[in-house]
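To find a chain, count down the sequence lines: A is the first, B the second, and so on, and within it residues start at 1.
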Number of protein chains: 2
Amino acid sequence: MSPKTRNVTQKEIARIAGVSQTTVSMVLNDRDGSNVRIPAATRERVKQAIEQSTYVADPAARRLAGLDNQILGVFTYEPALSPESMDFYGPLLNGIERAAEEVGCDLLFFTSSPVEDGRRTLFHRKTRLRLADGCILLGQDMDGDDLKRLVDERFPFVAVGRRDETTARVPYVGIDYVTLTDGLIRRAVELGHREGVYVHRDGDSPTARDRRGQIVAATESGTLHFTPVAVADDDVSAAVAAVAAGGATVIFAEDTFLAEDVAFALAAAGIDLPRSVSLASLGEVRGHSIGGRVLTGFQTPRQQVAAEALNLLQKLVATPADEWPGLDTQLLLDGTLELGETLVPVGSAS
Amino acid sequence: MSPKTRNVTQKEIARIAGVSQTTVSMVLNDRDGSNVRIPAATRERVKQAIEQSTYVADPAARRLAGLDNQILGVFTYEPALSPESMDFYGPLLNGIERAAEEVGCDLLFFTSSPVEDGRRTLFHRKTRLRLADGCILLGQDMDGDDLKRLVDERFPFVAVGRRDETTARVPYVGIDYVTLTDGLIRRAVELGHREGVYVHRDGDSPTARDRRGQIVAATESGTLHFTPVAVADDDVSAAVAAVAAGGATVIFAEDTFLAEDVAFALAAAGIDLPRSVSLASLGEVRGHSIGGRVLTGFQTPRQQVAAEALNLLQKLVATPADEWPGLDTQLLLDGTLELGETLVPVGSAS
DNA sequence: CCCAAGTGATAATAGGTATTATCACCGCGC
DNA sequence: GCGCGGTGATAATACCTATTATCACTTGGG
């Protein structure tokens, strides 16, 4: 064995076949035209040489030569493959993998990004971002500056989850939480509820605003009056207090984890769910239940969101940046209501 | 294909700082010596220019120039992120992600590899394998030719799971199933078992051989006599028949899925588990139970396996290929027995 | 016979970074 | 005046592929 087997290159193939490196490249890429012509005999000879060797094109060189590489980046602001995040990321990653397989792309996970303030940093000195043709961004709350810079640099990317940056038009695929939230509010009204508590976190993400917007609208129109309760550190006692204070017959929680915390706190306070008070989550509820009851909330098509995001990214990659303004780069998918068993007609307590 | 978005390059920085591209490179890499010297003033000026711009090194160019890229490949012979494979791949991927984060590497998933005969192909015309500094191989049964070719080409890689190719010395990190299997056999003997059935698949992977080897050894030494039953297409009826035929007081299944199938078939046949017959799996049993009972089997440190694999890979990448023979590249980790509740003393039926 | 068009293939170059070899200049001692 | 070591920086090159421009040679037409 030779001490250092360098990779077999086009030049090597060329030497074997007795042609130039250019010719090898032309054969590999099936180039032919008035400018460049290669007779079948030569073509065959080169192909033979390639076949007998173990030649594979060096992707770095391809990339440097300006070609796309069929590599799409995946950036997550938190670890993506940990057991805890699997609940959220799992369906998304699955959708991404399937779509990537479909279109023949490899996936580059930027696991190396240095962590600052508990979040990964997209841009840093040695980022391999540019090795990818484009990038999918995942995460509950993204960095607005990152998004702006990506837009400015005309780097193809798609955010998963709705964004509404004012500084730049960010491509995204998300879920239509406005319609879903609205649907759940109407359902509650149908069941006779008029007074509710909205338990939410302090965060200010676009999707959080979407939900809150509908809550506020319902309150202002008098359809269903909500008392907002912000919780920090998963301390939902204030929410329970608000219910105990009377009046409210239903609790809406911003997400399912919060709903579970509330359910636990209610049980501890001796408040019977759902007979004394109903509960619904404004998030995905599949796989979650409250004391054996199916939690009322949403079913969100996350695999589909991921797949659409990847398709959109592919489209961006394939389109010259100056034509992007003509594309429809912001997409919301419909979810469905899970009526569940924790949102019941008001007055069931009797 | 989109036209190359013009990025900030070293040449651009050089123009701004009024120096040459070489100098910029030197500053970036902190090069200094008798050969090349850069006074603090110039150094500072260049650093300023870099700071003010959005320069990031082009990974393709770095790679082409022969440097490490801090990118490690992950190749799985089946889809890695699907819900079904999460049971097996999840802990491994988690370990890999954590270790990659630790050493500052990005992960490239070869999701594009064309599928032939239901398995992905590692080597193909446009494989991006070489973009990675090295590669982790995952999968129940790998392709021997792939492994040989990787060794021949001196490409740094580590297989997860023990390998014993005769044609090449394959680096791997696996779990010591020999000791584990031996432990479970001794346990069964302690509990009075003398006659068993070994339910296994047709596969011929090294780890399958490891287990079978111990089964055969126990049979030949008379410690515990096993009747082997090979099953295909998850049809375990033959195994049940072998038990019903009498004699056997315990069933060992090659893996946990098989064990679950057997448990189901036993129940259907009206054979009481574990009173009439004991059952143990020669695989990871965490998260699996049989009718509320903890399944007897192994607990395997899969996160740790993955982490060790990645560390080993890092070591290979950092070591010149001609020094590899001096490295210890084959590592087996210890698992622990899960005594469980399905392997019980013989004669519990009375 | 000579120009034009056609044919087959190659030299030259771009792309961005890292390294090696080289260069220009200055001050100093003799 | 001249070599000489030291200093600061750069030109040249390699890495590998894809593309553009170019070249050598042939053939047909006038």
Grab the CG-C1' distance between Leu64(A) and dG15(C) for me, whole Å please.
4 Å

Tell me the interatomic distance from Asp58(A), atom CG, to dA14(D), atom P, rounded to whole angstroms.
17 Å

Atom CD1 of Ile50(B) and atom C1' of dT17(C): how far apart are they, to the nearest Å?
13 Å

With Gln21(B), which residues qualify under side-chain hydrogen bond (donor to acceptor under 3.5 Å, both in side chains), at least two apart?
Gln10(B)

What does Ala60(B) touch in the nucleic acid at a heavy-atom separation under 4.0 angstrom: a base, only the sugar-phosphate, or nothing?
nothing

Assess the side chains of Thr23(B) and Ser20(B): does a donor N or O sit below 3.5 Å from an acceptor N or O?
yes

State which residues pass ring pair (Phe, Tyr, Trp, His ring centres under 6.0 Å) with Phe75(B); sequence neighbours excluded, sorted by chain then number.
Tyr77(B)

Does dC16(D) have its OP1 or OP2 closer than 4.0 Å to a side-chain nitrogen or oxygen of Tyr55(A)?
no

So the side chain to side chain donor-acceptor pair (under 3.5 Å) pairs with at least one residue in residues 92-102 of chain B (sequence neighbours excluded) are Arg120(A)-Glu97(B), Arg120(A)-Glu101(B)

Please report, to 0.1 Å, the donor-acceptor pairs under 3.5 Å made by any side chain of residues 109-118 of chain B, with sequence neighbours excluded.
unit_1	atom_1	unit_2	atom_2	d
Thr111(B)	OG1	Cys105(A)	O	2.6
Ser112(B)	OG	Asp106(A)	OD1	2.8
Ser112(B)	OG	Arg128(B)	NH2	3.2
Ser113(B)	OG	Phe110(B)	O	3.4
Ser113(B)	OG	Thr121(B)	O	3.3

Distance-only donor-acceptor test, Thr22(A) side-chain atoms vs dA11(C) base atoms, 3.5 Å:
yes

Atom-to-atom span, CG of Asp32(B) to C1' of dA18(C) - whole angstrom
16 Å

Which pairs count as salt bridge (charged side-chain N to carboxylate O under 4.0 Å, His left out) when at least one residue sits in residues 13-22 of chain A, sequence neighbours excluded?
Glu12(A)-Arg15(A)

Please determine, for the side chain of Met26(B), which listed nucleotide (dC15(D), dT17(D), dT19(C)) has the closest atom?
dT19(C)

Is Lys148(A) salt-bridged to Asp152(A), going by a charged N under 4.0 Å from an acidic O?
yes

Quantify the bending of the helix from dC1(C)-dG30(D) to dC30(C)-dG1(D) as the angle between its end axes, each fitted on five pairs, to 10°.
100°

Round to the nearest Å and state the distance from Lys11(A) atom NZ to dT10(C) atom C1'.
15 Å

The nucleotide from dT17(D), dA18(D), dG16(C) with an atom nearest the side chain of Asn29(A) is dA18(D)

Find the distance Leu67(A):CG to dT20(D):P and express it as a whole number of Å.
11 Å

Sub-3.5 Å pairs of nitrogen or oxygen atoms, protein against nucleotides 24-28 of chain C:
none

Under 3.5 Å donor-acceptor pair, Gln21(A) side-chain atoms to dA11(C) base atoms
no

Ion pair check, Glu308(A) and Lys315(A), cut-off under 4.0 Å
no

With sequence neighbours excluded, residues passing side-chain hydrogen bond (donor to acceptor under 3.5 Å, both in side chains) with Lys47(A)
none

Taking only side-chain N and O atoms of Arg63(B), does any of them lie within less than 4.0 angstrom of OP1 or OP2 on dT17(C)?
no

Please name all residues satisfying salt bridge (charged side-chain N to carboxylate O under 4.0 Å, His left out) with Arg31(B), sequence neighbours left out, ordered by chain then number.
none

Which residues share a salt bridge (charged side-chain N to carboxylate O under 4.0 Å, His left out) with Arg43(A), sequence neighbours left out:
Asp30(A), Asp32(A)

Could you work out, with side-chain hydrogen bond (donor to acceptor under 3.5 Å, both in side chains) as the rule, every residue matching Gln314(A), not counting sequence neighbours?
none

Any side-chain N or O of Arg31(A) under 4.0 Å from OP1/OP2 of dT19(D)?
yes

Touch check for Leu28(B), heavy atoms < 4.0 angstrom, all strands: base, sugar-phosphate only, or nothing?
nothing

Tabulated below should be each protein N or O lying under 3.5 Å from an N or O of nucleotides 5-9 of chain D; please produce it.
unit_1	atom_1	unit_2	atom_2	d
dG8(D)	N7	Arg37(B)	NE	3.4
dG8(D)	N7	Arg37(B)	NH2	2.8
dG8(D)	O6	Arg37(B)	NH2	3.4
dA9(D)	OP1	Thr42(B)	OG1	3.0
dA9(D)	OP2	Thr42(B)	OG1	3.1
dA9(D)	N6	Asn35(B)	O	3.0

